[in-house]
Amino acid sequence: MKVFVDGKYYDEWNAKVSVFDHGLLYGDGVFEGIRAYNGRVFKLKEHIDRLFYSAKAIMLELPMSHAQLMKATVETCRRNKLRDGYIRLVVTRGVGTLGLNPRSCRNASVIIIAGKIQVYPAELYAKGMDIVTVPTVRNLHSAVNPAIKSLNYLNNILAKIEANNAGVEEAVMLNAEGFVAECTADNLFIIKNGALSTPPLSAGALYGITRGTVMDLATKMGIEVSEPNLTRYDLFNADECFLTGTGAEIMPVVKIDGRVIGNGKPGLLTRKLVENYHALTKATGEPIYG
Ligand code: PXG
């Protein structure tokens, strides 16, 4: 594997960052997780847009332009002969002193890794997932804003550990007010009486690219889409539930905190959305090879 680090390509064993990089010392940086399907990078522009928004929010000046980042991402896929896979774009504050002040960091670092990802066991896509609500709440807007895709994911990692401890793969994270925010790396949707809803960004959800794609697909299918505040009660009494994320794609949920969702099987509309999502990922995106 060839990894892009600050404009050069390194073999994976030789692709390194300094122990003085503030990305490592403080989680000071931002990232994106992107997928390639069928020789195309899916929603590349949207991911690079979000990287710029995250960087702006933490006052991190990207050392490359939007166009250069798009090009470097595609080029990294090409060099790795990737047709289907996962791309991790990481921007760190760069090398600084042992002190958290980012002023000591002169140059941000850009890393692009093109590889593979499998976030959940394959059989769960057919069976549906069992998830639980966990004690760790999503970041407050007044702290590290949950819209920032920062390198500081400890909050979500704690929630993931709590899910692991409960013997399940994924966690429902609430916000400080007790409304549903999202899962550890996925947005959450429910379907009730044929209508689709997902928590608003103000509830602490990430502006998920897959979330937006699924909302567009649902609208095109004539499904009503809304973004109300949701409580656990709304989840328990939903007809269908699923998670969305670049890594996860669309994962049906069939049990939440011991309550069976719908008939306990992935729902009909969920399955239709999965089908339409796969059709879209296969046919659209930034071409990698000419
Ligand atoms: N919420 C959070 C907190 C995320 O980190 C999503 C929702 C879904 O957003 P997208 O834009 O991907 O639809 C994410 C995405 C990983 C991994 O390392 C994490 C994400 C994406 C891909 C892989 O498990 N985060």
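Start at 1 and go down the list; that is how both ligands and their atoms are numbered.
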J.: Ignoring hydrogens, just give me the one of E46, K149, Q118 whose non-hydrogen atom is nearest atom 25 (N) of ligand 1.
T.: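 Nearest option to atom 25 (N) of ligand 1, by heavy atoms: K149.
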J.: Can you name the closest pair of heavy atoms from E240 and T270 and give their distance?
T.: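 Heavy-atom minimum between the residues: OE1-OG1, 2.5 Å.
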J.: Verify whether one side chain among T210 and E249 offers a donor that lies under 3.5 Å from an acceptor in the other.
T.: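 Not at all, the side chains of T210 and E249 share no donor-acceptor pair under 3.5 Å.
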J.: State whether R50 and E46 are salt-bridged, where the test is any N-O pair (Lys NZ or Arg NE/NH1/NH2 against Asp/Glu carboxylate O) under 4.0 Å.
T.: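 A salt bridge is absent here (no side-chain N lies under 4.0 Å from a carboxylate O).
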J.: Using a plain distance cutoff, I'd like to know if T184 has any nitrogen or oxygen under 3.5 Å from a nitrogen or oxygen of ligand 1.
T.: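 Checking ligand 1 against T184, no N or O pair falls under 3.5 Å apart.
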J.: Examine R88 against ligand 1 and note whether any of their N/O atoms are separated by less than 3.5 Å.
T.: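 N/O-N/O distance below 3.5 Å exists for this pair.
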J.: Any nitrogen or oxygen of Y153, main chain or side chain, under 3.5 Å from a nitrogen or oxygen of ligand 1?
T.: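 The answer is yes, given that Y153 and ligand 1 share an N or O pair closer than 3.5 Å.
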J.: Are R93 and E61 ion-paired here, with the side-chain N under 4.0 Å from a carboxylate O?
T.: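 No salt bridge links R93 with E61.
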J.: Should E170 and K160 count as an ion pair when the cut-off is N to O under 4.0 Å?
T.: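 Result for this pair is yes, salt bridge flagged.
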J.: Identify the closest protein heavy atom to atom 9 (O) of ligand 1: which residue and atom is it, and at what distance?
T.: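 Answer for atom 9 (O) of ligand 1: G208 CA, 3.5 Å.
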J.: Can you tell me which portion of I117 lies within the under-4.0 Å heavy-atom range of ligand 1? Options are side chain, backbone, both, or neither.
T.: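 Under 4.0 Å from ligand 1, I117 contributes side-chain atoms alone.
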J.: Should you measure from each heavy atom of R138, which atoms of ligand 1 turn up under 4.0 Å away?
T.: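 Heavy-atom distances to R138 below 4.0 Å select 3 (C).
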J.: Heavy-atom pairs closer than 4.0 Å: do any link ligand 1 to the side chain of L206, the backbone, both, or neither?
T.: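 The part of L206 near ligand 1 is the side chain, not the backbone.
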J.: Would you check, one step at a time, whether the test side chain to side chain contact (heavy atoms under 4.5 Å, CB included) holds for T231 with V180?
T.: CA-CA 6 Å; T231 64; V180 176; 5.6 Å; no
J.: For ligand 1, is any non-hydrogen atom under 4.0 Å from N156's backbone (N, CA, C, O), its side chain (CB onward), both, or neither?
T.: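 Just the side chain.
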J.: Number the atoms of ligand 1 from 1 as they appear, then name those within less than 4.0 Å of a heavy atom of I209, with their elements.
T.: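 Answer for ligand 1: 10 (P), 11 (O), 13 (O).
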J.: Tell me, yes or no, whether the heavy-atom count around Y53 atom OH, taken from other residues, nucleotides or ligands under 6.0 Å, exceeds 12.
T.: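 Counting neighbours around OH of Y53, 12 or fewer heavy atoms of other residues, nucleotides or ligands fall under 6.0 Å, so no.
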J.: May I ask you to check whether T210 has an N/O atom sitting below 3.5 Å from an N/O atom of ligand 1?
T.: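 In this structure, T210 places an N or O atom under 3.5 Å from an N or O of ligand 1.
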J.: Name the closest protein heavy atom to atom 12 (O) of ligand 1, giving the residue it belongs to and the distance to 0.1 Å.
T.: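 Nearest protein contact, heavy atoms only, for atom 12 (O) of ligand 1 is T246 OG1, 2.5 Å.
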J.: So, applying salt bridge (Lys or Arg N to Asp or Glu O under 4.0 Å) with D11, which one of R79, K16, K2 is it?
T.: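 In the set R79, K16, K2, the residue that makes a salt bridge (Lys or Arg N to Asp or Glu O under 4.0 Å) with D11 is K2.
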J.: Within 45 degrees of the ring normal and closer than 6.0 Å to the centroid, is that where the cationic atom of R35 sits relative to F42?
T.: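 Ring-cation test returns no.
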J.: Which atoms of ligand 1 have any heavy atom of V119 under 4.0 Å away?
T.: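 Near V119, meaning under 4.0 Å from one of its heavy atoms, ligand 1 has 24 (O).
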J.: Please assess V214 against F242 for the test side chain to side chain contact (heavy atoms under 4.5 Å, CB included), listing each intermediate value before the final yes or no.
T.: CA-CA 11 Å; V214 164; F242 60 85; 3.9 Å; yes
J.: Identify, by atom number and element, the atoms of ligand 1 in contact range of G247, meaning under 4.0 Å from any of its heavy atoms.
T.: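 Those of ligand 1 that fall under 4.0 Å from G247 are 22 (C).
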J.: Looking at non-hydrogen atoms alone, which of A185, C183, G245 comes nearest to atom 6 (C) of ligand 1?
T.: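 Shortest heavy-atom distance from atom 6 (C) of ligand 1: A185.
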J.: Could you pull out, from E182, K160, H47, R50, the option with a heavy atom nearest to atom 1 (N) of ligand 1?
T.: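 Of the listed residues, E182 has the closest heavy atom.
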J.: Verify the neighbour count for atom CD of Q68: are there more than 12 heavy atoms of other residues, nucleotides or ligands below 6.0 Å?
T.: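 Counting neighbours around CD of Q68, more than 12 heavy atoms of other residues, nucleotides or ligands fall under 6.0 Å, so yes.
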J.: What protein heavy atom sits nearest atom 17 (C) of ligand 1, and how far off is it?
T.: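 Here the nearest protein heavy atom works out to Y86 OH, 3.9 Å.
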